[in-house]
Every structure is written in structure tokens, then in C-alpha cells.
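These notes concern the structure reproduced below.
Remember, it's 1-based here, ligands and their atoms both numbered in the order they're listed.
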Amino acid sequence: MPGEDLSDAVEATKVFNRKRIPTVFTRLGENITQMSEAEEVKCHYIDMLEKIRDEKIQTEVSLKLTQIGLDILFDKSLEFFNEIASAAKSCDNFVWIDMEGSTYTDVTIDFYRRAKMVNKNTGVCLQAYLSRTENDLKNLLDINPNIRLVKGAYSENAEIAFPDKRDVDRNYLKIAKMLLAQIKEHDITAVFGTHDLKLIEEIESLAAALNVSNDKLEFHMLYGIKPNEQLRLVNQGYKLKVLISYGKAWYPWYMRRLAEKPANVGFVLKNLIT
Ligand SMILES: Cc1cc2nc3c(=O)[nH]c(=O)nc-3n(C[C@H](O)[C@H](O)[C@H](O)COP(=O)(O)OP(=O)(O)OC[C@H]3O[C@@H](n4cnc5c(N)ncnc54)[C@H](O)[C@@H]3O)c2cc1C
């Protein structure tokens, strides 16, 4: 994270934009328990979109549905989301929906279906570690979905998620292939959210074999991870965006990042001691 405040994310974006790299902003927070908190989050995202427009920076936004009240009132959180997405539309911007743990998969997909009917400038994240995802994508195709494909960051049961990383990677590639075929035929955005260099190389080869031009292929990475690869992708003409998180509610997000890369735990401990 460049810092806890929106202004930190804005300043970091100016540096990225100078390198022809747009960003995606997400304000940390999830599973809020009061609709008043959800309303505050909604207002924050609308203010954020206006700031992005006024600062003339290249940035999209991404949010978690449980941050805008999904655990409390589905209809109200959908209303809040539609307000954010229509503010984004008037600022010529785009809103991504993060995918949370598997207890939210059905409801998030249902939510996205409804949101996409009202605002086309929206997309949803799907997770390759879930065995259901291939079907979820097939079922969504009738609405020309905009998809950000990731491996998945939550601790899931082996009955529903591939426990072996090789199977997750294989499934990622299989779904990536389906998405690449869609990019060619439909008006959709398909984004590959990964730092896995082998996977990226394989997606590049698949895209070339399918005659998908570099400028149609989009990758998203997290702030601070694989910066050299980020530059390489941009220099090769691919679209590349960097997801910047900010905010004070960083604890659950931070623990997921540590779990992904155990070496990070040692890095943090070393920095605490020195
Ligand atoms: C833009 C974006 C949006 C995301 N949105 C969601 C979402 O909505 N829902 C969800 O469940 N998950 C989300 N994720 C997280 C994702 O599911 C993975 O947990 C995460 O991206 C790590 O997987 P990987 O594809 O990079 O592959 P991995 O095989 O995990 O990592 C490949 C290599 O990348 C580097 N790397 C990966 N993670 C880290 C790290 N934390 N610190 C340092 N180096 C690292 C390492 O070198 C590692 O070997 C998102 C990820 C990105 C990039």
C-alpha cells in the first residue's frame, strides 16, 4: 500500500500514469454490520470517482459487496452499487466487483447479473481455484460479462476448491482460453489478475494463437508486486493496470496477502526487529 489515504493512492497513480500504467483503487473494508457504514462507503466511492475525474488520472475502481451492506440488505446494497456505477458512467469510469469467500459466490454472481442490466460499465471477479467457475462463466455469457480472473485468495474446502496449486493453474488456463475466445467475439473485457509469470506467458501464447491483439489483452497486478513484469507488459503493448489498496481496515486483506506468500511473514518480522 502506498498509504492509508485516498490522496496517497492518487499520488502513487500519478507516478504510474507517467509510465503509461493506469491503476485500480480499492478502499479496504469488508463485512460491515450497519447500513449507515455502507452508505458512508457508497459516498466515499462516489467522491473518489469525482476526484479521479478532477485529477485527470487513469484509474478504475473495485469494491467488495460486503463493504456496501450485502450481509445486511441485498436490495439496498444493489441500490448503492448502482449509484456508484452510474456515477462512474458519468465520469467515464468502470467499477469492478471483488469476489469474496465461497459463501458469497452465488449471491455475488446474482448481484452482478442485476447490476450489469443497469450499468454496462461493471465487471466481476471469478476465482480459478473453485471447481464451479467454468460453469459460472458459461452461465454468465448471455449478459456479455466483464470478467477479472484470479486464482482466489480465501481458505476454501477441498470439496469445492482445487487443493493442489497445479490444478488451480490448469483451471486458470482453461478459463483464460474461454475468455480469450469471448474477447474475439463479444464486447467484453477480460482481465487476467495474476503475477504468475509462467501463466502470463501461456496466456500470451494462447492469445497469439487465437489472433487476439496485444492491446486487447489486459493484466492486473497488485501494487508493489512484480514491477519489472508490469513494465515489460506495457512495453509489449499489453494493457496493464495496478490495483492500489488504501484505507485503515487493512488487517483481513493484509493477512490474505501474507498467507499467499509465506516469505512475506519473514520480511515483515525482519522489518519489525530492525
Ligand atoms: C488485480 C487483482 C485483483 C484481485 N482480486 C481478487 C478478488 O476479488 N478475490 C480473490 O479471491 N482474490 C483476488 N485477488 C488475489 C488472487 O486471488 C491471488 O490470491 C493473488 O493474485 C496471488 O495469485 P497469483 O495469480 O499472483 O499466483 P501465485 O502463484 O500465488 O503467485 C505467483 C507469484 O507472484 C508473486 N506473488 C503473488 N502474491 C504475492 C504476494 N502477496 N506478495 C509477494 N509476491 C507475491 C510471487 O512471486 C509468486 O510466486 C486479486 C489479485 C489481483 C492481482
**Prompt:** Does the salt bridge (Lys or Arg N to Asp or Glu O under 4.0 Å) test come out yes or no for K76 and E79, once each step is laid out?
**Reply:** CA-CA 5 Å; K76 195 73 189 162; E79 190 185 310; 3.1 Å; yes
**Request:** Would you check whether R148 has a nitrogen or oxygen atom less than 3.5 angstrom from a nitrogen or oxygen atom of ligand 1?
**Result:** yes
**Prompt:** Is the side chain of N121 donor-acceptor paired with the backbone N or O of N93 at a distance under 3.5 Å, no angle test?
**Reply:** yes
**Prompt:** Does E229 have any side-chain hydrogen bond (donor to acceptor under 3.5 Å, both in side chains) partners at least two apart in sequence or in another chain, and if so, which?
**Reply:** R232
**Request:** Could you list which atoms of ligand 1 come closer than 4.0 Å to a heavy atom of Y154?
**Result:** 11 (O)
**Request:** Give, for atom CD1 of I68 and atom OH of Y45, the distance between the pair rounded to the nearest 0.5 Å.
**Result:** 9.0 Å
**Request:** Rounded to the nearest 0.5 Å, what's the gap from CG on N235 to NZ on K19? Could you check?
**Result:** 11.0 Å
**Prompt:** For the atom pair CZ (R148) and OG (S62), what is the distance rounded to the nearest 0.5 Å?
**Reply:** 4.0 Å
**Message:** Is there a polar contact, in the sense of an N or O pair closer than 3.5 Å, between G152 and ligand 1?
**Reply:** yes
**Request:** Compare K151, H195, E229, M99 and give the one whose heavy atom is closest to atom 21 (O) of ligand 1.
**Result:** H195
**Prompt:** Considering only heavy atoms, does E100 approach ligand 1 within less than 4.0 Å through its side chain, its backbone, both, or neither?
**Reply:** neither
**Request:** Show which atoms of ligand 1 fall inside a sub-4.0 Å distance from at least one heavy-atom site of K165.
**Result:** 29 (O)
**Asked** For K14, which residues count as a side-chain contact (heavy atoms from CB on, under 4.5 Å) partner, sequence neighbours excluded?
**Response** V10, E11, R18, E55, I57
**Item:** Sub-4.0 Å heavy-atom contact, K241 with ligand 1
**Value:** no
**Item:** Residue selection (non-hydrogen contact nearest atom 12 (N) of ligand 1) among G101, A153, C125, S245
**Value:** A153
**Message:** Just to be sure I'm reading this right: ignoring hydrogens, which of T26, L199, T194, V191 gets closest to atom 25 (O) of ligand 1? Compare them by their nearest heavy atoms.
**Reply:** T194
